[in-house]
Amino acid sequence: MDIVVSGGTGLIGKAITEIPGNNYFIITRGGSRTEGNISFVNWNELEKIRRCDVVINLSGFNIGSKRWNHKIKEEIIRSRIESTRTMVKFIASLEEKPDVFLSGSAIGYYGYDDNSTFDESSPPGTGFLAELANAWEDEALKASKLTRTVLLRTSNVLSSRGGFLSRIMNTRSRRVYYFGSGVQPVSWIHLEDYVSAVSFLIENETISGPVNMASPSPVSFSELAGIISKEKGYKTMRIPDLIGHIILGSEMYRELMSGQKVIPKKLLDSGFQFKYPDIESAVRNL
């Protein structure tokens with residue numbers, strides 16, 4: 001297949017472009033070039049791509065890379081809305097439409113709630129991340145009149161390459177951190193399962209709309225830290241709420257560290273088989 005990927009140099013995007021047997025067009029801010037089966041195409045030169053089978057939209061400013069303030073929050077919103085709008089316009093410009101549009105979203109859509117369990121039918125929550133995901137999805141759904149559209153509500157992706165684990169592990173001190181009481185739920189997915197799920201969603205023409213990209217076995221933050229520590233020979237360290245608020249700021253800390261318990265109902269109902277359905281097997285294979 002010919003697959004267009006925005007955000008193709010990030011953790012998830014790079015893993016997707018390593019699926020063999022396809023040709024990839026990675027949308028970049030840099031110059032256009034070709035490396036093997038991957039062509040890099042500048043955002044301003046999308047017209048060079050005349051046809052494709054799949055469009056995957058993963059672009060967006062890293063939510064956890066900087067302490068939130070008004071300017072950073074505006075950039076987080078702008079980067080997602082504008083890139084998604086551009087990809088929808090690109091799809092509209094193609095004479096032959098792609099078979100499917102997979103667009104990034106996040107489980108932040110459900111808001112922060114320690115006690116509820118969410119599936120794809122659950123309503124949106126409140127707070128900055130919920131509002132962000134809602135607006136992001138609304139922009140992506142404009143493509144649903146053009147092609148099958150899938151919203152990838154992504155949980156914490158576990159990978160030895162970086163991402164979520166790199167933020168809670170310190171390889172120098174050999175510690176794994178968890179925040180607050182540690183009882184808050186963490187929904188997660190192994191990177192291999194994420195990539196397999198993407199392939200599954202491309203092939204399964206009956207699935208559209210939101211899909212929770214999460215394992216069927218959420219865990220508590222302290223449980224996650226404990227299992228990682230045991231597997232890697234690290235020690236766990238609890239970061240008190242007060243310190244977390246100081247480091248991240250109150251709003252960012254509350255939204256990122258409160259957690260959601262999310263179930264991948266659509267994937268399970270459609271017959272998707274997780275290679276790493278439980279946290280022990282996932283951590284063992286990082």
Side-chain angles (χ1 to χ4, degrees), residues 63-64 67-68 73 76 104-138 151-158 163-165 167-169 176-190 193-194 197 209-230 236-270 272 274 276-283:
I63 285 175
R67 188 184 174 105
W68 291 354
K73 288 167 70 176
I76 290 171
S105 183
I107 60 171
Y109 174 92
Y110 303 110
Y112 42 93
D113 189 326
D114 290 358
N115 301 311
S116 300
T117 300
F118 302 102
D119 63 27
E120 290 87 352
S121 66
S122 301
T126 57
F128 172 65
L129 294 181
E131 293 170 5
L132 169 66
N134 221 334
W136 196 7
E137 291 186 3
D138 283 347
L151 306 170
L152 305 172
R153 288 183 182 164
T154 301
S155 61
N156 295 293
V157 178
L158 304 187
F164 176 68
L165 288 185
R167 296 195 290 272
I168 66 169
M169 292 176 64
V176 183
Y177 305 110
Y178 69 91
F179 291 80
S181 66
V183 301
Q184 61 270 49
V186 176
S187 293
W188 58 272
I189 186 170
H190 193 288
D193 277 334
Y194 194 103
V211 174
N212 288 336
M213 302 293 278
S215 84
S217 306
V219 294
S220 70
F221 209 150
S222 60
E223 184 181 358
L224 173 65
I227 290 170
I228 295 171
S229 297
K230 182 179 179 181
T236 58
M237 181 175 179
R238 186 179 78 87
I239 306 298
D241 284 328
L242 177 61
I243 303 300
H245 281 282
I246 293 172
I247 295 172
L248 300 178
S250 293
E251 181 185 23
M252 186 177 183
Y253 181 78
R254 180 182 68 247
E255 296 218 13
L256 292 183
M257 295 304 164
S258 293
Q260 304 95 353
K261 186 183 293 184
V262 172
I263 301 300
K265 187 174 188 300
K266 275 193 178 178
L267 286 174
L268 294 174
D269 288 351
S270 300
F272 178 74
F274 284 86
Y276 306 112
D278 58 88
I279 192 64
E280 291 83 2
S281 64
V283 170

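All heavy atoms count here, side chains included; hydrogens, waters and symmetry mates do not.
For the pair Tyr194 and Thr154, the minimum side-chain heavy-atom distance is below 4.5 Å. Side-chain contact between Ser105 and Met213: absent, with no pair of heavy atoms (C-beta onward) separated by less than 4.5 Å. In this structure the side chain of Tyr112 never reaches within 4.5 angstrom of the side chain of Leu256, judged on heavy atoms. Taking the side chain as every heavy atom from C-beta outward, Phe164 and Leu158 approach each other to under 4.5 Å. The shortest side-chain heavy-atom distance between Glu255 and Trp68 falls under the 4.5 Å cut-off. In this structure the side chain of Val211 never reaches within 4.5 angstrom of the side chain of Leu151, judged on heavy atoms. A 4.5 Å side-chain heavy-atom check between Ser215 and Pro277 finds every atom pair outside the cut-off. At least one side-chain heavy atom of Phe221 sits under 4.5 Å from a side-chain heavy atom of Phe179.
No side-chain donor from either of Tyr110 and Ser116 sits under 3.5 Å from a side-chain acceptor of the other.
Annotation: the span from Gln184 atom CD to Asp113 atom CG amounts to 12.5 Å, rounded to 0.5 Å. In this structure, Asp269 CG and Asp119 CG are separated by 9.0 Å, a value rounded to the nearest 0.5 Å. For the atom pair CD1 of Ile227 and CD of Glu280, the computed distance is 4.0 Å after rounding to the nearest 0.5 Å. Taking CD of Glu120 as the start and CG of Leu267 as the end, the distance is 7.0 Å to the nearest 0.5 Å. Expressed to the nearest 0.5 Å, how far OG of Ser229 lies from CE of Met237 amounts to 12.0 Å.
Under the side-chain contact (heavy atoms from CB on, under 4.5 Å) criterion, Ala130 pairs with no residue, sequence neighbours left out. Remark: Ser155 pairs with Ile107, Ser187, Ile189, Ala214 by the side-chain contact (heavy atoms from CB on, under 4.5 Å) rule, at least two apart or across chains. For Ile228, the side-chain contact (heavy atoms from CB on, under 4.5 Å) partners two or more places apart in sequence, or in a different chain, are Leu165, Ile168, Met169, Val176, Leu224, Lys232, Val283. Remark: Ser281 pairs with Asp278 by the side-chain hydrogen bond (donor to acceptor under 3.5 Å, both in side chains) rule, at least two apart or across chains. Applying the side-chain hydrogen bond (donor to acceptor under 3.5 Å, both in side chains) test to Gln260 and every residue at least two apart in sequence or in another chain returns nothing.
The minimum heavy-atom distance between Leu248 and Met257, with the atom names listed, is CD1-CE, 4.0 Å. Summarising the geometry of Tyr178 relative to Ala225, their closest heavy-atom pair is CD2-CB, 4.0 Å, with the distance given to 0.1 Å. Shown here for Thr117 and Ser122, the closest heavy-atom pair between the two residues is O-OG, 4.3 Å.
Side chain of Lys266 to backbone of Pro210: a donor-acceptor contact under 3.5 angstrom is found. Put simply, the side chain of Ser220 never gets that close to the backbone of Val183: no donor and acceptor are under 3.5 Å apart. Trp188 places no side-chain N or O within 3.5 Å of a backbone atom of Ala282 that could act as its donor or acceptor partner. No donor-acceptor pair closer than 3.5 Å links the side chain of Arg238 to the backbone N or O of Tyr177.
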Item to complete: Verify side chain to side chain contact (heavy atoms under 4.5 Å, CB included) between Ile63 and Leu132, making sure each step is shown before the conclusion.
Response: CA-CA 11 Å; Ile63 285 175; Leu132 169 66; 4.0 Å; yes

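Applying the salt bridge (Lys or Arg N to Asp or Glu O under 4.0 Å) test to residues at least two apart or on different chains, the pairs with a partner in residues 239-251 are Lys73-Glu251.
A ring-centre distance under 6.0 Å is found for Phe274 and Phe272.
Relative to the six-membered ring of Tyr109, Arg153 meets both conditions, a distance below 6.0 Å and an angle of at most 45° to the axis.
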